[in-house]
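The figures that follow rest on heavy atoms only: side chains count, while hydrogens, waters and symmetry mates do not. Numbering starts at 1 and runs along the sequence shown.
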Amino acid sequence: EEGFFRWQVIIGEGGLGKTRLAMEFAEQALDSGWHAGMLDGHGLKLFLQSPGFGQWRPMVPTLIVVDYAASKAEGLSVLLQQLADLDLHYLGAGEGDRAGATIRVLLIERHGEETCGWLQTLLQSGEGQVKDRLQKPCYRGLTELLPPHSRDSEDQKVDAETSRLIIQSTFASWARVTGRAAPGLPDFSMEDWRRIQINTLNRPLYLQMAAIHACEAGTADYLPLWGRGELIWGAVDRELEYIQRLCGSDGDLLAALNHTAAILCIGGIGLAQSGRQWQRILREEIQDITDKYSTREIEGHRKAIFHEPITLSGDAETGLIQPDIVSEGFAATVLLREEREFHFEPVETLGRIIEWTGLKGWSNLIRLVQDLHGIPDYVVDGRTRSSFEGVEQWPLSLVDSGSCRPESLRELSEIIPERTESVRALGLRVHEILVKQASVSDEEKAGYLIKLATHRHRGNPRDAGALRQAL
């Protein structure tokens, strides 16, 4: 496409492969002579703070991919304004000055709407011509990624073949990594494939998890029967068994490492690089679990077990365990178990995480609630495995605790999805608080009232006189 600067947004539920597709897109761009890659929060901050940021120009065609965009809206606003200003310069330049590199920015997030939240904030960035240019023609729209789903019988065969290829590819990767033989894939009927697709929501990540579960079980016969609960619990159990295997019979060390890992699954692995902050939170968290080990000893064991990367910044946002859904399941499992067995309060731990990680921690916690919402119970070996019931209350309890400053609530308002049932109660509570704050301007209050009405009426503020009711 013509033009110096263009940007686009891709949204989609967890497990659809947004990040994977973006990484492959970046690799293809590299092969075509572009500079391309993923820009994390730390890299974005360094770029914006560098002395030469205002004079920066790309020397070759450049593709910047930013994942978890909602939690980086403030920095992205500065970046996009600068690039829109450069685009204006490009537009007004003479024909001889127009030669040179172009730049493309791809933002990835679970949710986003042009009329509210973090994306609206980005679209409203800047003033005058810069703002106009940022919106049109630089902004190339919002695209939602969906899993394959067809009603036509022939297309359903294509969908089934796609699912089969994902599972077989995962079998091959598992065999290569483990050095063990993967199970054979049965000759499933179309009805079997339909059940597999329903149970996995036909999302590539869940199909991969189902394939790994089959490899670990030594049989693929039960693929049509396994639901998301079994797949998540199976992955979490393998992580717990891995830690237990390395800890042996030392219960204190096991409990401390599980708890430490849970913190880093929610707060992001970068939290462990925050120096004194991390030492303080670790000391406060571990003191109720064990007095047998110092924080330094716990850290040494954690690094040995989880093979922490050497080059890691304090802003690294991904969880300690990957992918996100397993990281979230692990954290929820550990915190719920501690609440049940040791009467620990998960909200106290979550409060410390939010204190140090801010919006990034909130974003991770909201994503955890969304991903684990509605995961059903299931029966294994005659016992019912409980779901993740109760995690929806965690962010609500944090808000009700009064520990959130007004500016934190304003930031939180920007990243709460407005059409997601799992965090609807959180959206209601946050905006009920915001509209009552004396420091909120009339203009801000009007915006919060609309958001309140939207959450109250599940995404449509025009239904049932919702705006009048909110007012």
Side-chain angles (χ1 to χ4, degrees), residues 11 14 18-19 38-49 64-79 107-112 117-119 121-122 260-278 280-282 285 308-309 311-328 330-332 335 346-347 349-372 391 394-395 398-399 403-417 420 423 426 430:
I11 62 171
K18 302 181 297 297
T19 303
M38 311 287 286
L39 184 64
D40 63 11
H42 181 62
L44 176 61
K45 186 183 297 184
L46 287 178
F47 184 36
L48 299 181
Q49 293 176 348
I64 297 175
V65 180
V66 181
D67 207 352
Y68 307 107
S71 61
K72 305 182 184 72
E74 183 177 355
L76 285 172
S77 175
V78 177
L79 174 63
L107 306 183
I108 305 171
E109 191 44 272
R110 296 287 184 88
H111 64 90
W118 67 272
L119 182 51
T121 298
L122 293 185
T260 304
I263 294 171
L264 295 176
C265 282
I266 297 176
I269 182 62
L271 184 58
Q273 298 297 306
S274 56
R276 292 181 180 176
Q277 295 178 353
W278 173 239
R280 175 184 158 186
I281 192 172
L282 189 61
E285 288 293 315
E308 181 179 295
T311 55
L312 189 67
S313 76
D315 287 318
E317 56 217 331
T318 54
L320 180 64
I321 300 168
Q322 286 296 301
D324 284 343
I325 185 66
V326 180
S327 195
E328 294 155 358
F330 180 95
L335 294 182
V347 173
T349 294
L350 294 170
R352 291 189 182 106
I353 294 173
I354 298 298
E355 178 185 356
W356 293 118
T357 60
L359 194 61
K360 179 178 67 177
W362 271 117
S363 179
N364 291 346
L365 181 56
I366 289 173
R367 194 160 53 245
L368 178 150
V369 171
Q370 287 181 273
D371 285 345
L372 300 182
V391 297
W394 290 351
L398 277 172
V399 171
S403 59
C404 293
R405 298 185 298 273
E407 57 269 26
S408 298
L409 290 176
R410 291 190 180 98
E411 291 178 336
L412 184 55
S413 168
E414 294 292 303
I415 66 171
I416 301 175
T420 303
V423 292
L426 175 64
V430 167

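- The line from CD1 of I266 to CD1 of I353 is 4.5 Å long, rounded to the nearest 0.5 Å.
- Side chain of K72 to backbone of K45: no donor-acceptor contact under 3.5 angstrom is found.
- Note that OG1 of T19 is 5.0 Å distant from CD1 of I108, once rounded to the nearest 0.5 Å.
- With contacts defined as side-chain heavy-atom distances shorter than 4.5 Å, the pair I11/H111 does not qualify.
- Heavy-atom minimum distance, L372 versus E328: CD1-O, 3.8 Å.
- Closest of all the heavy-atom pairs between A332 and V391 is CB-CG1, 4.1 Å.
- A side chain to side chain contact (heavy atoms under 4.5 Å, CB included) with L76 is found for exactly one of I64, L44, L48, namely L44.
- Here Q49 pairs with nothing under the side-chain hydrogen bond (donor to acceptor under 3.5 Å, both in side chains) rule; sequence neighbours left out.
- You'll find the side chain of P417 reaches within 4.5 Å of the side chain of Q370, heavy atoms only.
- Panel note: side chain W362, backbone S71; no donor-acceptor pair is recorded below 3.5 Å.
- A distance of 10.0 Å separates SG in C265 from CG in D324, rounded to the nearest 0.5 Å.
- Contact annotation: the side chain of P395 approaches that of V369 to within less than 4.5 Å [non-hydrogen atoms, C-beta and beyond].
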- Query: Would F47 and V78 satisfy side-chain contact (heavy atoms from CB on, under 4.5 Å), going step by step from the backbone distance to the final call?
  - Reply: CA-CA 11 Å; F47 184 36; V78 177; over 6 Å; no
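- Within the 4.5 Å cutoff, no side-chain heavy atoms of I366 are placed close to those of T420.
- When side chains are defined from C-beta on, W394 does not count as touching L426, because their heavy atoms never get closer than 4.5 Å.
- Here the CH2-CD distance, from W118 to E109, works out to 6.0 Å after rounding to the nearest 0.5 Å.
- With sequence neighbours excluded, no residue satisfies salt bridge (Lys or Arg N to Asp or Glu O under 4.0 Å) with E411.
- Minimum heavy-atom separation, L359 to A70: CD2-O, 4.4 Å.
- Remark: T121 OG1 to I415 CD1 distance equals 11.5 Å, nearest 0.5 Å.
- Atom CZ of R352 is separated from atom OG1 of T349 by 6.0 Å, given to the nearest 0.5 angstrom.
- Partners of E74 according to the salt bridge (Lys or Arg N to Asp or Glu O under 4.0 Å) rule, which considers only residues two or more places apart in sequence or in another chain, do not exist here.
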